Amino acid sequence: MKCPFCSEENTKVIDSRPADDNSSIRRRRQCEKCGKRFTTYEKLETIPLVVIKKDQAREPYDRSKIEKGVFRSCIKRPISVDQINELVDSVESAVFNLGEKEVPSSQIGEILMDRLQKLDPVAYVRFASVYREFKDVNTFVDEIKKLLDHQGTIED
């Protein structure tokens with residue numbers, strides 16, 4: 001593993017343990033040249049996943065696209081970075097657990113919105129308004145009504 005500070009190729013592992021999600025290994029490393037420490041994560045390589053876009057184009061799965069959308073939806077909301085990472089991890093696990101080589105972006109979006117709705121209703125409406133391409137205020141109001149009706153059935 002190359003040192004991120006001095007680019008030395010000789011580093012040694014000084015500690016290994018399972019990461020919080022138990023799906024990867026966290027390794028503490030130390031550069032043998034500059035002595036600085038850094039952390040790496042080792043994760044099982046999975047089968048490449050292809051996402052089928054709305055226009056039927058296909059592209060490789062990219063976790064950062066989910067992260068960007070969730071981060072934008074959660075701006076100025078009381079949601080920590082850890083909560084966002086847990087949500088994205090959860091969505092990613094659900095998508096990979098489908099066991100498919102190709103997954104429609106709409107299916108990923110629905111999984112994401114389901115989890116986001118449970119985390120924060122405002123962030124959910126923000127995401128849904130962009131994802132579902134709300135064209136006018138009425139569409140926005142309808143989505144909020146559905147959300148309120150859904151919350152009412154949960155509280156009963």
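Here the structure is a predicted model, which is why all the values come from computation and not from measurement. Residue numbers start at 1 and run along the sequence shown.
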Whether [Y] and [X] form a salt bridge (side-chain N of Lys/Arg under 4.0 Å from carboxylate O of Asp/Glu) is what I want to check.
X	Y	value
Lys118	Glu86	no
Asp89	Arg63	yes
Lys12	Glu32	no
Lys2	Glu8	no

(request) Could you tell me whether Lys54 atom NZ has more than 12 heavy atoms of other residues or ligands within 6.0 Å of it? (result)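 Counting other residues, nucleotides and ligands, NZ of Lys54 exceeds 12 neighbours.
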Nearest-0.5 Å distance that lies between atom [atom1] in [X] and atom [atom2] in [Y]:
X	Y	atom1	atom2	answer
Leu49	Asp62	CG	CG	11.0 Å
Ile84	Leu119	CD1	CG	8.0 Å
Ile25	Thr40	CD1	OG1	10.5 Å
Arg126	Leu116	CZ	CG	10.0 Å
Met1	Thr11	CE	OG1	7.0 Å

So does [Y] get a backbone contact from the side chain of [X], meaning a donor-acceptor N/O pair under 3.5 Å?
X	Y	value
Tyr131	Ser106	yes
Arg26	Ala19	no
Ser93	Ser90	no

(message) With clusters defined by side-chain heavy atoms of hydrophobic residues (ILVMFWY) lying less than 4.5 Å apart, directly or transitively, does Leu148 cluster with Tyr124?
(response)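 Yes, it is one cluster - the side chains of Tyr124 and Leu148 are joined through contacts under 4.5 Å.
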